[in-house]
**Student:** 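Got a structure for you, questions after.
Residue numbering restarts at 1 for every chain, and letters A, B, ... go by the order of the sequence lines. Just so you know, these numbers come straight off a predicted model, no measurement behind them.
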Protein chains: 2
Amino acid sequence: MPPPPYKVACSNCNLRELCLPSGLSEADARKLDELVATRRKVKRGAALFNNGAPFMALYAIRTGFFKTCILTEDGRNQVTGFQMAGEIIGLDGIVGDRHTCDAIALEDAEVCVMPFDRIEALSREVPALQSHVHKILSREIVREHGVMLLLGSMRAEERLATFLLNLVQRLHARGFSQSELVLRMTREEIGSYLGLKLETVSRTFSRFVEEGLVQVKQRHVRILNTAGLRSIVNASACR
Amino acid sequence: MPPPPYKVACSNCNLRELCLPSGLSEADARKLDELVATRRKVKRGAALFNNGAPFMALYAIRTGFFKTCILTEDGRNQVTGFQMAGEIIGLDGIVGDRHTCDAIALEDAEVCVMPFDRIEALSREVPALQSHVHKILSREIVREHGVMLLLGSMRAEERLATFLLNLVQRLHARGFSQSELVLRMTREEIGSYLGLKLETVSRTFSRFVEEGLVQVKQRHVRILNTAGLRSIVNASACR
DNA sequence: CGAAAATTTGACCGCTATCAATACCGGTGG
DNA sequence: CCACCGGTATTGATAGCGGTCAAATTTTCG
């Protein structure tokens with residue numbers, strides 16, 4: 001796939017506060033324009049990378065929505081995360097020079113390709129970038145701790161409520177509604193992420209609707225009672 | 001607690017191949033001796049750090065055994081990992097300048113304190129160290145993907161078998177037996193890590209004993225049939 | 001040595017998985 | 001435009017795994 005013709009410039013990108021360090025000098029900011037080698041479009045359903053593929057770059061999502069998932073030899077499939085604009089994808093590949101999961105676009109997407117050797121080289125020159133990279137990695141570790149808590153100790157309702165609240169919060173940080181969202185993934189993918197079967201996800205949605213917490217029309221979800229969802233998550237002080 | 005009097009030198013440490021980059025030049029290796037500011041002893045049951053504590057350093061475990069866990073306001077408790085000699089602890093603190101979990105020694109332990117500003121400064125000078133730090137962070141992310149798979153898709157027997165196999169494998173890499181191990185944690189801590197109740201852990205151990213897979217005497221475990229445990233893990237190709 | 005913690009085991013229950021049938025939606029082609 | 005089709009979602013009936021509660025026993029540690 002040939003690189004797109006247009007000029008890439010992080011310093012002008014309207015997502016830069018999401019994926020670049022803030023408070024850079026002019027000079028440093030211009031250096032970071034070298035970070036992005038090219039952009040790449042990924043069609044809905046296509047993979048940005050697959051398990052086993054050589055690790056070359058990290059990817060900053062410009063538009064679109066991804067899932068990452070691991071598929072084991074024995075047929076298990078676990079969605080490890082959903083990523084949206086401004087988030088960084090590919091961190092799993094650093095340790096072994098190969099990717100260890102699949103990254104699949106759930107809608108047509110575009111990413112900035114940041115070759116990892118450039119990231120490392122620039123990090124040595126620009127401490128703010130170095131720190132930023134460390135924080136991105138650490139943030140992912142902390143996020144996964146939260147998922148472990150969810151998978152290890154929450155019941156189905158708590159998991160789904162947590163999931164919905166997390167999604168709207170991230171969407172809201174990107175300028176979308178606090179109460180309305182469109183799910184880009186199937187019930188099965190939600191279930192895989194939450195450690196539930198798709199039927200359980202569907203039933204739990206239905207229960208939320210009965211209780212007046214949300215409206216659900218297929219993948220369109222409107223949150224009617226944020227506090228109610230929060231109280232579901234925090235209700236289980238009983239352990 | 002005053003720093004111990006003896007001289008700290010990574011270049012002589014017999015764990016260096018576990019926690020330092022390999023293939024360094026003499027000069028670089030000597031530089032890395034600056035990495036460890038001091039050592040610190042942690043008594044069994046004491047915390048190396050607590051949730052909310054300011055993040056200053058990463059810790060390389062010299063001796064002993066730790067658990068990391070998150071404790072939420074609403075009383076949930078999730079063990080996020082068990083760490084042994086040569087492993088690095090504290091990565092969760094980088095992103096927010098505060099630790100987000102507790103690190104508790106499960107037996108008397110000693111750690112090397114590596115102030116993070118020194119790590120960052122040296123990383124800029126020694127590319128091999130920079131790469132090493134990135135790999136440590138990425139490895140933790142990949143490890144947690146595995147835990148998500150376990151928590152999201154495995155049944156109790158599979159979880160415990162996976163856990164035991166992982167523990168002996170890591171111990172074996174440190175020169176211990178492939179088949180014998182002493183659990184440093186309680187059934188409840190194992191259960192928390194595996195998303196199970198302590199009674200389920202105990203029952204599953206008993207079932208393994210009945211089936212002749214292991215011998216269990218309190219915390220002493222001898223693996224009698226490694227292949228049998230493996231087949232439990234991989235048995236569920238049925239999804 | 002004695003109190004507290006940890007472990008094991010039993011009985012029972014409830015949540016979620018499983019199996020199955022139906023409904024719905026979006027896209028395609030007649 | 002509408003009928004059709006495959007993937008997706010909902011809902012019901014049932015079963016089983018693991019949770020909960022409880023009690024007995026062992027171990028640990030001050």
**Student:** Please report, rounded to the nearest Å, how far the P atom of D/dC17 is from the CG atom of B/Leu194.
**Tutor:**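 Going from CG in B/Leu194 over to P in D/dC17 covers 18 Å.
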**Student:** How many whole angstroms separate atom CZ of A/Arg207 from atom P of D/dT10?
**Tutor:** 13 Å
**Student:** Can you tell me the distance, in whole Å, between the CD atom of A/Glu210 and the P atom of D/dT10?
**Tutor:**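 After rounding, the reported distance stands at 13 Å.
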**Student:** Okay, side chain of B/Asn50, backbone of B/Ala53: is any donor-acceptor separation there less than 3.5 Å?
**Tutor:**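 No, the answer is negative, given that no donor and acceptor are paired below the 3.5 Å cut-off.
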**Student:** Any Lys/Arg nitrogen of A/Glu87 or A/Arg174 sitting under 4.0 Å from an Asp/Glu carboxylate oxygen of the other?
**Tutor:** yes
**Student:** For the residue pair A/Phe49 and A/His99, does the interplanar ring angle fall in the parallel (under 30°), tilted (30 to 60°) or perpendicular (over 60°) class?
**Tutor:**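 Plane angle under 30°, so parallel.
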**Student:** Is a salt bridge present between A/Arg40 and A/Glu110, judged by a nitrogen-to-oxygen distance below 4.0 Å?
**Tutor:** no
**Student:** Spell out, as yes or no, whether a donor-acceptor pair under 3.5 Å connects the side chain of A/Asp92 to the backbone of B/Val142.
**Tutor:**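 A pair under 3.5 Å: no.
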**Student:** Using C1' atoms of five pairs at each end, report the bend of the helix from C/dC1-D/dG30 to C/dG30-D/dC1 rounded to 10 degrees.
**Tutor:** 50°
**Student:** Could you tell me the separation between the CD atom of A/Glu189 and the P atom of D/dA9, rounded to a whole number of Å?
**Tutor:** 9 Å
**Student:** Suppose the criterion is salt bridge (charged side-chain N to carboxylate O under 4.0 Å, His left out): which pairs have a residue in residues 208-219 of chain A, not counting sequence neighbours?
**Tutor:** none
**Student:** Have B/Asp102 and B/Asn51 got a donor and an acceptor in their side chains that come within less than 3.5 Å?
**Tutor:**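 The criterion, which ignores hydrogens and geometry beyond distance, is not satisfied for B/Asn51 and B/Asp102.
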**Student:** Taking atom types as modelled, find out whether B/Gln215 and B/His220 have a side-chain donor-acceptor pair closer than 3.5 angstrom.
**Tutor:** no
**Student:** Output the rounded distance in Å from NZ (B/Lys217) to C1' (C/dA6).
**Tutor:** 18 Å
**Student:** Are B/Leu196 and B/Phe163 close enough, and set up right, to give a side chain to side chain contact (heavy atoms under 4.5 Å, CB included), and what steps lead you there?
**Tutor:** CA-CA 12 Å; B/Leu196 302 170; B/Phe163 173 72; over 6 Å; no
**Student:** At under 4.0 Å between heavy atoms, how does the protein contact nucleotides 8-15 of chain C? Give one character per nucleotide, 5' to 3', with B, S or -.
**Tutor:** BBBB----
**Student:** Check every atom of C/dT16, C/dA6, D/dA9 against the side chain of A/Arg219 and return the nucleotide holding the closest atom.
**Tutor:**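 Nearest listed nucleotide: D/dA9.
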**Student:** Could you tell me the separation between the CE atom of A/Met185 and the C1' atom of D/dA9, rounded to a whole number of Å?
**Tutor:**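 Going from CE in A/Met185 over to C1' in D/dA9 covers 15 Å.
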**Student:** Quickly work out the B/Lys197 NZ to C/dT16 C1' distance and round it to whole Å.
**Tutor:**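 About 16 Å, once rounded to whole Å.
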**Student:** Should B/Arg44 be listed as having a side-chain N or O under 4.0 Å from OP1 or OP2 of D/dC29?
**Tutor:** yes
**Student:** Report the distance from atom CG of B/Leu106 to atom P of C/dA6, rounded to the nearest whole Å.
**Tutor:**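 Spelled out: CG on B/Leu106 to P on C/dA6 is 12 Å.
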**Student:** DNA chain C: A/Gly195 or B/Glu188, which has the more 5' nearest nucleotide?
**Tutor:**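 It is B/Glu188 whose nearest nucleotide is closer to the 5' end.
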